[in-house]
Amino acid sequence: MQGDDHGVLRMTPEAMRRLARKATEALIDRADGLSDERPWDGDFREVLAGRLAAPPPERGKPAEEVLDQALRDVLPYAARLDHPRFFGFVPSAPTWPGVVADYLAAGFNINSCTWLMSSGTGQLELVVVDWMRSWIGYPETAGGLLTSGGSGASVEALVAAREAAGHPERPAVYMSDQSHSALKRAALIAGVRREHIRLVPSGDDFRMDMAELRRYVADDRADGLRPIAVCANAGTAGTGAIDPLAPMSDFCEREGVWLHVDAAYGGFALVTEGGKELLDGIERADSIGMDAHKWLFQPYEAGALMVKDVKHLENAFGIANDVLQDTVWGANHPNFADRGLQLSRAARALKIWMSVQTFGMAAIRAAVEKGLELARRAEAYIEANPILELMTPVSLGIVCFRVNPGDGRDEESLDDVNRIVLARVFWDDLAFFSSTSLKGVFSLRMCIINHTTTWEDVRTTLDLVARLGREALAGE
Ligand SMILES: *Cc1c(COP(=O)(O)O)cnc(C)c1O
């Protein structure tokens, strides 16, 4: 190199510090002022394209100017999923050590694919996976890996199930009609034909109907299909319902079929006493997907797939590659790339480990418990309010309810009122929540799992719904 010993894509240490400091200040200001912000912002493509659509510039500009534009024109146009009154879908409120861990992992340029590439984070992944093993109550044979999220974990689980079944020609997969779209997509990716992805009816409690499951499996076997997996929910994204885990395990054991539990959002309730009771029997499943970017307070992406016998993952995903021959260290030094679909992988264990080390499990348990408790208080509020109706029993932090004064209105007009209320909540900017359809009935839905949410946040949101509900009922 001549003269310039930094290279064309490098910055001086001083410029690096200036940029990083500015980014850090912006993040801390955001976190500090979050409760006073709107919980959601976004704009139409036309507007954003007007500011952002442009060919890549031939010459660069000062990094801080670029950062300013990202902070002004890009990053604010998003759901603030960590806002204390963001109750839509499944929110996420990452801890600061988790955020810093992702920054470190990017800066250290860790590729957590093989032991040779990164033994430090490989060891941490073993540690974190072992924590999860103990929270579940899985045996020593169990293991797993961190994934992009619940979708990735579902794909890997169903591929492992397919391989464990001997990769049959006509596979079928079973799940309830309440299961997440991610599982259907995963079954398709695993090679199951659309018409062989069986959506078993759930009962009025939104849990898998066991008699229906037995009937579907028996009928399919008679038609020459090969059941490769049954998927249970713990809980469903819609209502938080938990499928009958013990009867499903009994059934799958008898049938010799893999049982996968989708615990993407509900799984980390396992760290609490109450959650462990609710999810009793989960330890009998062959595999479990759970998202640390939901109820373990991590930044995206942080999912996990746990398998009762980790050999199944390596049987399904371990494929020799001449270019990687130097990375084979032997059984005690696992290459996580051989357990799932990614080779190059982010060091996801670092964020989980750093936030658990920083706060301790007592604080994390209390944070999960708080979500469960706030949802129960919301339930009590709704039951005490004459114009609100609880749609399903509160489960794992999810509250389904609607405006219904019980004055004999038909379902259609109740749907209309509640759609109006949802739209007005949206435009009010106090809180964000979303809706769902409960067997065709429109329902408002709150998911309360953010560790920064207070009862005041929940109460003012419900007060708002009640006020908007009264106005909508009066035709205002
Ligand atoms: C979030 C969620 C998924 C999908 O997980 P991603 O992390 O978004 O890929 C699947 N199932 C349930 C129940 C979920 O809550």
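Whatever order the structure lists ligands and atoms in, that order sets their numbers, starting from 1. Just so you know, these numbers use all the heavy atoms, side chains as well, and skip hydrogens, waters and symmetry mates. Bear in mind the structure is a predicted one, so any value in this text is a computation, not a measurement.
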Using a strict 4.0 Å threshold on nitrogen-to-oxygen distance, state whether [X] and [Y] make a salt bridge.
{"X": "Glu314", "Y": "Lys311", "result": "no"}
{"X": "Glu125", "Y": "Arg339", "result": "no"}
{"X": "Arg376", "Y": "Glu379", "result": "no"}
{"X": "Arg215", "Y": "Asp219", "result": "yes"}
{"X": "Asp250", "Y": "Arg254", "result": "no"}

Checklist line | Residue that, paired with Asp220, satisfies salt bridge (charged side-chain N to carboxylate O under 4.0 Å, His left out) out of Arg170, Arg226, Arg198 | finding: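 Only one of Arg170, Arg226, Arg198 forms a salt bridge (charged side-chain N to carboxylate O under 4.0 Å, His left out) with Asp220, namely Arg198.
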Nearest-neighbour protein heavy atom for [atom], which is reported as residue plus atom name and distance:
{"atom": "atom 10 (C) of ligand 1", "answer": "His180 CG, 3.3 Å"}
{"atom": "atom 9 (O) of ligand 1", "answer": "Ser151 OG, 2.6 Å"}
{"atom": "atom 6 (P) of ligand 1", "answer": "Gly150 N, 3.3 Å"}
{"atom": "atom 11 (N) of ligand 1", "answer": "Asp262 OD2, 2.7 Å"}

Item checked: Contact check: Asp291 vs ligand 1, nitrogen or oxygen atoms, below 3.5 angstrom ->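 Min N/O separation from ligand 1 is below 3.5 Å for Asp291.
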Next item on the list: Show which atoms of ligand 1 fall inside a sub-4.0 Å distance from at least one heavy-atom site of Gly149.
Entry: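 Listed by number with element, the hits are 7 (O), 9 (O).
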Note to self: Taking 4.0 angstrom as the limit and counting only heavy atoms of Tyr265, give me the atoms of ligand 1 inside it, by number and element.
What the structure shows: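 In order of number, 15 (O).
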Next item on the list: Say whether Asp309 and Thr141, considering side chains only, have a donor N or O and an acceptor N or O under 3.5 Å apart.
Entry: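 Looking only at side-chain atoms, Thr141 and Asp309 do not form any donor-acceptor pair under 3.5 Å.
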Notebook entry, point to check: Is it true that Gly235 lies under 4.0 Å from ligand 1, counting heavy atoms only?
Noted result: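 Yes, Gly235 has heavy atoms under 4.0 Å from ligand 1.
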Margin query: Regarding atom 2 (C) of ligand 1: of the candidates Glu301, Met290, Lys294, His293, which has the closest heavy atom?
Written below: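 The residue whose heavy atom sits nearest atom 2 (C) of ligand 1 is Lys294.
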